[in-house]
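Positions are given from 1, in the same order as the sequence printed here. Note that the coordinates shown come from a computational prediction; the quantities given were computed from them, not determined experimentally.
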Amino acid sequence: MKKLWIILFCFLLCSCRPEREDFYVLEFDDYSLAVGFDDVNYLKLVFEADLPEEMGANETLKDIEMTFWGSYFADIDITNPIDETISPDDAVITGLDLYLANAGMTTYRLDGIELDRSVKENCRAFDGEYIERNGYACLITRQVDQKLNIVILHGDILNEDQDELSRIEIYVE
């Protein structure tokens with residue numbers, strides 16, 4: 001009987017881990033990324049980053065430049081979620097700051113919904129909070145496993161049409 005309780009308890013602990021679909025999944029062309037779930041190995045299948053040899057226990061590295069075919073397109077933040085030293089390739093991606101002009105992809109989807117060129121239209125589609133301060137932005141949030149999954153869609157403040165989507169920021173805190 002005691003073994004049955006132990007097995008049941010282990011099963012419950014394992015089944016509580018959030019799935020990839022619980023996080024915002026950003027798709028761009030043939031690639032996808034779930035910030036807060038995917039590790040650097042997943043991203044490095046296609047993209048490149050200059051990373052240190054190892055990461056200390058519970059260490060976070062911020063603003064790591066990502067390149068695609070030698071061209072800069074995004075910054076990422078990564079976190080070692082465990083209490084031991086690991087390779088940065090095994091760290092979880094906890095932040096993405098994607099510049100659409102640099103990425104050069106043709107389509108962008110958030111949770112399977114194609115993003116419009118207008119920040120305001122995207123905000124309506126995702127029931128986000130539209131912000132008009134020194135440019136336009138849309139704040140979209142979701143609670144995942146006691147963490148806040150945040151997406152900020154930024155307009156282009158240097159463009160005549162400041163509502164035009166120019167940057168996608170996703171992070172988990």
Side-chain angles (χ1 to χ4, degrees), residues 10-116 119 122 125-128 137-154 165-173:
C10 290
F11 177 74
L12 287 174
L13 284 178
C14 293
S15 64
C16 294
R17 185 172 186 264
E19 299 292 322
R20 187 173 197 263
E21 294 78 28
D22 294 337
F23 295 89
Y24 285 112
V25 177
L26 178 66
E27 300 170 45
F28 36 101
D29 285 350
D30 294 331
Y31 315 105
S32 71
L33 179 65
V35 173
F37 185 85
D38 291 333
D39 60 22
V40 177
N41 273 323
Y42 182 80
L43 196 60
K44 283 182 66 177
L45 290 172
V46 177
F47 306 103
E48 298 173 11
D50 188 25
L51 299 169
E53 291 293 318
E54 58 184 32
M55 284 183 71
N58 300 308
E59 181 180 8
T60 297
L61 300 175
K62 295 197 172 278
D63 299 324
I64 300 167
E65 291 186 2
M66 293 297 297
T67 59
F68 183 60
W69 292 91
S71 297
Y72 165 77
F73 80 98
D75 292 321
I76 61 169
D77 299 338
I78 61 175
T79 300
N80 174 0
I82 58 175
D83 292 329
E84 58 186 59
T85 301
I86 63 169
S87 164
D89 292 344
D90 297 325
V92 175
I93 300 164
T94 54
L96 171 73
D97 199 354
L98 176 69
Y99 298 89
L100 276 58
N102 295 359
M105 308 298 178
T106 56
T107 59
Y108 299 91
R109 286 184 172 79
L110 186 63
D111 284 351
I113 299 171
E114 187 167 342
L115 294 176
D116 190 271
V119 173
N122 289 319
F126 290 98
D127 197 27
C138 178
L139 178 66
I140 307 166
T141 61
R142 171 188 295 167
Q143 193 76 25
V144 179
D145 194 36
Q146 299 177 353
K147 294 182 181 178
L148 197 56
N149 194 193
I150 301 167
V151 175
I152 303 173
L153 305 173
H154 295 273
L165 183 63
S166 70
R167 187 171 138 217
I168 301 171
E169 192 176 350
I170 303 175
Y171 57 95
V172 176
E173 63 176 33

Side chains of [X] and [Y], heavy atoms from C-beta outward: is any pair under 4.5 Å?
X: R20; Y: D38; value: yes
X: I64; Y: P88; value: no
X: V35; Y: F23; value: no
X: L98; Y: Y108; value: yes
X: L96; Y: L26; value: yes

Calculate, to the nearest 0.5 Å, the distance between atoms [atom1] and [atom2] belonging to [X] and [Y] respectively.
X: L51; Y: K44; atom1: CG; atom2: NZ; result: 5.0 Å
X: E173; Y: I150; atom1: CD; atom2: CD1; result: 4.0 Å
X: I76; Y: I170; atom1: CD1; atom2: CD1; result: 13.0 Å
X: E65; Y: E48; atom1: CD; atom2: CD; result: 13.0 Å
X: I140; Y: I168; atom1: CD1; atom2: CD1; result: 9.5 Å
X: L165; Y: L115; atom1: CG; atom2: CG; result: 6.0 Å

Identify the two heavy atoms, one from [X] and one from [Y], that lie closest to each other, and give their separation to 0.1 Å.
X: D77; Y: K62; answer: OD1-CA, 3.2 Å
X: L61; Y: P52; answer: CD1-CG, 3.7 Å
X: V92; Y: F37; answer: CG1-N, 4.1 Å
X: Y72; Y: N102; answer: O-CB, 3.2 Å
X: A57; Y: E84; answer: CB-N, 3.6 Å
X: V25; Y: A34; answer: CG2-CB, 4.0 Å

Are more than 12 heavy atoms, taken from residues, nucleotides or ligands other than D63, located less than 6.0 Å from that residue's CG atom? yes
Within 6.0 angstrom of E53 CD, more than 12 heavy atoms from elsewhere: no
For F73 and F28, take the angle between the two ring planes, folded into 0 to 90°, and tell me which bin it lands in: parallel under 30, tilted 30 to 60, perpendicular over 60. tilted
Where does the angle between the aromatic ring planes of F47 and Y31 fall among parallel (under 30°), tilted (30 to 60°) and perpendicular (over 60°)? perpendicular
Mark yes or no for whether [X], through its side chain, and [Y], through its backbone, hold a donor-acceptor pair below 3.5 Å.
X: Y171; Y: L148; value: no
X: D29; Y: M105; value: no
X: D89; Y: N41; value: no
X: N122; Y: D116; value: yes

Test R142 against every option in D22, D127, D111 by the salt bridge (Lys or Arg N to Asp or Glu O under 4.0 Å) rule and name the one that passes. D111
